[in-house]
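Report on the following structure.
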Amino acid sequence: MSLKFSRRTFLKASGAVTAGVAAATTVPKKFLSWAEETGQKDMKQIPTFCELCFWNCGLVAKVENGKVVKVDGNPLSLRGRGRLCGRGNAALGALYDTDRLKFPLINIGKRGEPVWKRATWDEALGVIAGKMKGIKEKYGAESMALIYHGTGAAFWKHLMHAYGSTLSAAPSFAQCRGPRDIGFVLTFGSDVGSPEYYDFSKSKYIVLFGSHLGENAHNSQVQDIMNGLAEGAKLTVVDPRLSNIASKADHWLPIKPATDLALILAWIRIIIEEGLYDKEYVAKYATGFDELRAAVQKYTPQWAEEETSIASDVIVRVAREMGEFAPNICIGAGRFSAWYGDDTQRSRAIAILNALLGTWGREGGYFFPTGAKVPEYPGLPAYPEHVEVAKLDEVYPFALLPTTTSIKQASITGQPRPVKAWFVYGSNLMKTMPDKEETIKAIQNLDLMVAIDTMPMDIINYADVVLPECTYMERYDNINLGKFKGASEIALRQPTIEPLWESKPSWWITKELGNKLGLAEFFPWKDGEEYLAKRCQAGNIDFAQLKRDGVIISKGGSPYITAESQPEFGTPSGKIELYSKQLAENGFDPVPQFTRHKTPPAGYFRLLFGRAPLHTFSRTTNNFMLTDLQKENSLWINAKKGRELGLKNGDYVSLINHDGVIASGRIKVKLTQRLRDDAVYMNHGFGVHAKGMGRANGMGIADDDLITKAAIDPIMGGTALRGNFVKIVKGA
Ligand SMILES: Nc1nc2c(c(=O)[nH]1)N[C@H]1C(S)=C(S)[C@@H](COP(=O)(O)OP(=O)(O)OC[C@H]3O[C@@H](n4cnc5c(=O)[nH]c(N)nc54)[C@H](O)[C@@H]3O)O[C@H]1N2
Ligand SMILES: Nc1nc2c(c(=O)[nH]1)N[C@H]1C(S)=C(S)[C@@H](COP(=O)(O)OP(=O)(O)OC[C@H]3O[C@@H](n4cnc5c(=O)[nH]c(N)nc54)[C@H](O)[C@@H]3O)O[C@H]1N2
Ligand code: SF4
Ligand SMILES: [Mo]
């Protein structure tokens, strides 16, 4: 295997533009005097940040008599800029949900058919520690895996490392961003960050594939694109569905699903053949231009029209517009990219298109971010030496991080080495990973399964022990570092009230469990506050200011290429790789090539899904402030096609997939002209099966019930979720 890039090289690429620390910003006075102005003198205002999705916008909680009564955006936060999205405003609905997990639980029944016994923390952690010791003795510490999503996972990673395992994976990689990240790392030697390094507000032209911004409600990014459009940026959106952002576009290209790569390759060809690319930029920064040119010759506009159903003259016109506005153009990399199985190659093609147009490091394209660092807690002992055992992701040579896909496979087969225990932190795997049967099989093979969650979600029913974490409004978490244009952000999560019921923060749970495992020396901090204060002190960061303002912003760094600020590409050649030798050496196409995907058989539709603007996956589906606004999902069907099938708006139907799997529950029909007639569309996150989720249980249908097939991206192990076909069954 010749995996030439490493986390270090890619960090180096972004480190090149790390800023010096500049003058600190403070909260405007008006903002601080809010309580006085409104006569609420007893009202405390505590800044922290949101965890209702991973944008982590800064918020300020208004707390009266030990109760949070309101949240507002923190004007200093670079992720929110004083605003919260609809979900972020519903913090009280997450905090005061009476369905929350309140006590540790031990399953005295079976996995999948639990019988819960309420336990004390001491008892629950004792059971886990006992099992962990046994597993380490029998199979080695590396047989224990952490599967995670969210800020609090940092403490769990620390515990795992101290115990001796480095095995951790996130569905937000293999089931989400992984293909995009790897496609860009292979091309530019850097991923596109989170928040993405899009310079939308300065763009003259924007192209999006899917990326339904506005429904995908990442706060500052939505603000940026709207600012860009207000300033006159032109927009092309490629999407089989007229998404909200497509409705604002100059061109909506309702592409045949699964054919984006054909369109991108045709665009690459036109841009090369018509000489629309940035010749100086390509000559200076890129390698492999001639090989690229030769490899895309066959992808003519006429050929692409056949594949994509987009008229060839439209394809040519948009390519020429891109050339006209280059380099102040941002061709979005997307975020959820685990679509069809060749996703790394599609993402690479998007990266190549950006490279040809010279958008990397250019105004209105991709900016160079400014990063910040906070030192680790001082004086911690070294982690036990990591003994190299068989790599789980050997078969996916460019899986930069271990994947849930490989952990699942190793849990079932014991190959290339056994995985015998899972900690699942903040990840509702039953809805998140494709092929539930297989996920259940993997879990049934484990010796220990622990879920750390805030809500009684589907996943907890498969756990042996459930640990109730308090919500983000009640705890300290690890420091959050953000890289932005010309500024970095250090953000603090701090409790706005004491944890409710017997829920506890992760810093506490991991410390107690660490003590029981004989690892006390790895947890020397008295509490979460002291942990954070010491780290800040070690980095000369004013912790008092951080507590008061919620964030510390440092300005500096050059966002664009200038004579003094030259890009560094963390690829093996040190250049943008239009042709990838690494891919060729590992048996993959060095320049992306099109392969045709299956289309739905007669009577079936392709199942497409996306985000509900006012929900985050399943994590908000029980939130009483949000269920008021949307309590179930609906099934979008092309109006003409729907009428042919005898369907009316508001009818309830059920769905069966190509493998004969029937989704439980029913879903409301929405007939629309905003969707092609070969696909149906729904919001992900609904159709929650867990009984303890009072408001969410049984509302709508779960896309995940129907995703039984997932092509695996051979390059990095991502599981493609959009290769499933469904039939509509009337009269549900
Ligand atoms: N409100 C809200 N916002 C969220 C989240 C949330 O849960 N709620 N989740 C966040 C997370 S983790 C992520 S990863 C992002 C995901 O959000 P995105 O990265 O924007 O997801 P996409 O899959 O790119 O976009 C969905 C769109 O892709 C279209 N689509 C389907 N198939 C195809 C195809 O073959 N080609 C093309 N061109 N388009 C297609 C669908 O019609 C839909 O409009 O959203 C984030 N933002
Ligand atoms: N079918 C299908 N599968 C998908 C997707 C899809 O659209 N359709 N989307 C994919 C994408 S883009 C992503 S990013 C992944 C995300 O999938 P996951 O990693 O599963 O992330 P979430 O769905 O946000 O996880 C929510 C879980 O975290 C819990 N939780 C919420 N807050 C906290 C907290 O503060 N502490 C703890 N300990 N737990 C908390 C919730 O109760 C819930 O159980 O799913 C992927 N899988
Ligand atoms: S985008 Fe909305 S849900 Fe996500 S962190 Fe920001 S306010 Fe919270
Ligand atoms: Mo995601």
Side-chain angles (χ1 to χ4, degrees), residues 49-59 71-74 77 79-81 83-91 94 149-151 170-178 180 194-196 207-223 236-246 252-264 308 310 332-340 343 346 350 432 472 480 491 597 606-621 623 626 630 636 674-676 678-685 720-723:
F49 64 84
C50 182
E51 187 79 13
L52 289 179
C53 88
F54 311 97
W55 213 250
N56 295 141
C57 303
L59 65 83
V71 294
D72 285 317
N74 180 348
S77 157
R79 297 162 189 264
R81 305 178 192 140
R83 296 181 192 178
L84 297 173
C85 79
R87 299 163 294 161
N89 271 305
H149 202 193
T151 321
S172 53
F173 180 74
Q175 279 75 42
C176 175
R177 295 163 41 189
R180 168 197 87 172
S194 174
E196 285 81 6
V207 182
L208 300 175
F209 301 93
S211 298
H212 53 335
L213 298 178
E215 290 158 279
N216 156 2
H218 282 164
N219 194 343
S220 52
Q221 193 167 78
V222 179
Q223 294 182 40
T236 288
V237 176
V238 183
D239 194 317
R241 186 180 71 102
L242 187 78
S243 61
N244 285 4
I245 195 71
W252 167 43
L253 310 188
I255 194 166
K256 179 174 161 191
T259 66
D260 292 63
L261 186 51
L263 176 65
I264 305 163
T308 63
I310 308 294
R335 187 174 179 101
F336 171 65
S337 50
W339 291 3
Y340 299 109
D343 305 302
R346 186 188 64 253
I350 295 174
T432 296
Y472 64 99
N480 203 5
H597 295 284
R606 186 182 293 276
L607 175 63
L608 302 183
F609 50 83
R611 306 290 164 238
L614 292 169
H615 283 282
T616 306
F617 313 115
S618 56
R619 70 169 52 208
T620 58
T621 47
N623 184 312
L626 298 174
Q630 185 187 358
W636 290 42
R674 290 171 57 181
L675 179 66
R676 289 172 58 98
D678 50 1
V680 289
Y681 175 85
M682 65 169 75
N683 289 146
H684 169 63
L721 305 180
R722 286 194 179 137

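This chain uses plain numbering: 1 for the first residue, then up along the sequence. In listed order, ligands and their atoms are each counted from 1. What you see is a predicted model; the values in this text were computed from it and never measured.
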- Item | Listed protein N/O/S atoms, distance to atom 8 (Fe) of ligand 3 under 2.8 Å | C50 SG

- Message: For S172, give me all partners under side-chain hydrogen bond (donor to acceptor under 3.5 Å, both in side chains), at least two apart in sequence or on another chain.
- Response: none

Do any heavy atoms of [X] fall under 4.0 Å from ligand 1?
X	answer
C176	yes
G610	no
R606	no
Y340	yes

- Give the residue, atom name and distance (to 0.1 Å) of the protein heavy atom nearest atom 40 (C) of ligand 1. P240 CD, 3.3 Å

- Note on the structure: ring-ring contact (aromatic ring centres under 6.0 Å, His included) filter on Y681, not counting sequence neighbours, yields W636

- Message: Within ligand 1, which atoms have a heavy atom of L608 less than 4.0 Å away?
- Response: 31 (C), 32 (N)

- Query: What atoms of ligand 1 come within less than 4.0 Å of a heavy atom belonging to D260?
  - Reply: 34 (C), 35 (O), 36 (N), 37 (C), 38 (N)

- With sequence neighbours excluded, residues passing salt bridge (charged side-chain N to carboxylate O under 4.0 Å, His left out) with R722: none

- Query: Given L261, L242, N216, L253, which has its nearest heavy atom closest to atom 17 (O) of ligand 1?
  - Reply: N216

- Task: Ignoring hydrogens, just give me the one of H684, K256, R335 whose non-hydrogen atom is nearest atom 13 (C) of ligand 1.
- Result: R335

